[in-house]
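These numbers come from the heavy atoms of this one structure, side chains and all, not from hydrogens, waters or symmetry mates. One-based numbering along the sequence shown.
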Amino acid sequence: MSQQCSSHSALTSEELNRGLAVEKFDLVKKWGINTYKCTKQMISERFGRGTRTVDLELETQIELLRDTKRKYEGVLHLARALTAHFYSLVQTQRALGDAFSDLSQKSPELQEEFGYNAETQKLLCKNGETLLGAVNFFVSSINTLVNKTMEDTLMTVKLYETARLEFDAYRADLEELSLGPRDSATLCRMEVAQQNFQSHRVKYEKLRGDVTIKLRFLQENKVKVMRKQLLLFHNAISSYFAGNQQQLEASLQQFNIKLSSRASDKPSWLEEQ
């Protein structure tokens, strides 16, 4: 009895493994056929022999998004460079202020001159750190917009473009069969081809709708984010170079950016003048 159970168990396991192997083979077979049809369609389009489905308005919007992303990446690169250079400037001003302060204590004959230069550098350093807070927030927001929001939309675009290629490949396959003889074997193949064509058309139209919606939401989000960030960047930069610390700090508070602890230090004598 136990031998029969063991034999039945082994047989069931063997059947299960065989079934999995067949399933994997079918998946690989379908993938191979799909890849072949898509490659054939791609080559036909490239050499002008095949036709492709074109949504001119949508493709114009997609190309505009890719161009916008490239330009925003350029702005992001420059903003990061500005942050790095300005950070180095602030560190230099801090070191210079410390050096002046030390010399003020050790040079009685130049104590006043070293002293007010030390105060100036400390004030510049303090305002510089506040400006860095604004610029860092600007960089972070642009980075999110470019590398997350725009990239997410472009990932959907890639899925849409793949679906478009598959749709045209199966459409061309169906058209080619329609031109052939109408024997029973061909009619059977045409029925399968029609089913494949319909399923890929549904997939293509769904992704086209997804891309259209994402492009619209992306445009609305981009305008909202950039309007806020460009206002912040302008106000912070202009306030810093005008020497208006109160306006500089107000710009950060307007956008809920936390000021560094140094910004709450007691005002220097230069600020009180």
Could you see if V146 belongs to whatever hydrophobic cluster contains V135? Use Ile, Leu, Val, Met, Phe, Trp, Tyr and a side-chain cutoff under 4.5 Å.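 Shared cluster, yes.
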Do I237 and V90 sit in one hydrophobic cluster, given that two such residues count as connected whenever their side-chain heavy atoms are within less than 4.5 Å of each other, even indirectly? yes
Who pairs with [X] by side-chain contact (heavy atoms from CB on, under 4.5 Å), at least two apart in sequence or on another chain?
| X | result |
| --- | --- |
| Q61 | E57, L58, L215 |
| Q105 | S101 |
| Q195 | E191 |
| L159 | L207 |

At what distance, to the nearest 0.5 angstrom, does [atom1] of [X] lie from [atom2] of [Y]?
| X | Y | atom1 | atom2 | value |
| --- | --- | --- | --- | --- |
| L154 | L65 | CG | CG | 4.5 Å |
| Q253 | T130 | CD | OG1 | 10.0 Å |
| T60 | L64 | OG1 | CG | 8.5 Å |
| H234 | L230 | NE2 | CG | 10.5 Å |
| L231 | S251 | CG | OG | 8.0 Å |
| R94 | L89 | CZ | CG | 11.0 Å |

Counting N and O atoms only, with roles assigned by atom type, does the side chain of N117 sit under 3.5 Å from a partner on the main chain of E113, one being a donor and the other an acceptor? yes
Side chain H200, main chain N196, donor-acceptor under 3.5 Å: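 Between the backbone of N196 and the side chain of H200 there is a qualifying donor-acceptor contact (under 3.5 Å).
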Going by heavy atoms in the side chains, are [X] and [Y] under 4.5 Å from each other?
| X | Y | answer |
| --- | --- | --- |
| Q245 | K126 | yes |
| M226 | L145 | yes |
| E119 | L123 | no |

So which heavy atom on [X] is nearest to which on [Y], and how close?
| X | Y | answer |
| --- | --- | --- |
| V157 | I62 | CG1-CG2, 3.7 Å |
| S239 | Q247 | OG-CG, 3.0 Å |
| G97 | Q121 | CA-CB, 3.7 Å |
| L232 | A134 | CD2-O, 3.9 Å |

Assess whether salt bridge (Lys or Arg N to Asp or Glu O under 4.0 Å) is satisfied between K148 and D152, documenting all intermediate values. CA-CA 6 Å; K148 292 185 179 179; D152 175 70; over 6 Å; no
Ignoring hydrogens and angles, write down the donor-acceptor pairs under 3.5 Å from the side chains of residues 73-87, residues two or more places apart or on other chains.
from: E73; atom 1: OE2; to: K69; atom 2: NZ; distance (Å): 2.7
from: R80; atom 1: NH2; to: N143; atom 2: OD1; distance (Å): 3.0
from: T83; atom 1: OG1; to: A79; atom 2: O; distance (Å): 2.9

Can you tell me if CD on E109 sees more than 12 non-hydrogen neighbours from other groups inside 6.0 Å? yes
Within 6.0 Å of CD in E220, more than 12 heavy atoms from elsewhere: yes
Set of residues satisfying side chain to side chain donor-acceptor pair (under 3.5 Å) with respect to [X], sequence neighbours excluded:
| X | answer |
| --- | --- |
| D55 | none |
| D210 | K206 |
| K222 | Q219 |
| Q194 | none |

ILVMFWY clustering at 4.5 Å (side-chain atoms), partners of F217: I213
For L103, what are the other residues in its hydrophobic cluster, where any two members join if their side-chain heavy atoms are less than 4.5 angstrom apart? L96, F100, L110, F114
Kindly determine whether E63 and R70 satisfy salt bridge (Lys or Arg N to Asp or Glu O under 4.0 Å), including the steps that lead there. CA-CA 11 Å; E63 188 53 39; R70 284 191 294 269; 3.7 Å; yes
Would S141 and Q229 count as a side-chain hydrogen bond (donor to acceptor under 3.5 Å, both in side chains) if you check the C-alpha gap in whole Å, the side-chain angles of each, and the deciding distance to 0.1 Å? CA-CA 8 Å; S141 298; Q229 293 305 317; 3.1 Å; yes
Donor + acceptor pair across side chains of T153, K214 (<3.5 Å): no
Give every residue pair that meets the ring-ring contact (aromatic ring centres under 6.0 Å, His included) criterion with at least one member in residues 133-169, sequence neighbours excluded.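 Those involving residues 133-169 are F138-F233, Y160-Y204, F167-F197, F167-Y204.
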Residues D98, K122: salt bridge by 4.0 Å N-O rule: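 K122 and D98: not salt-bridged.
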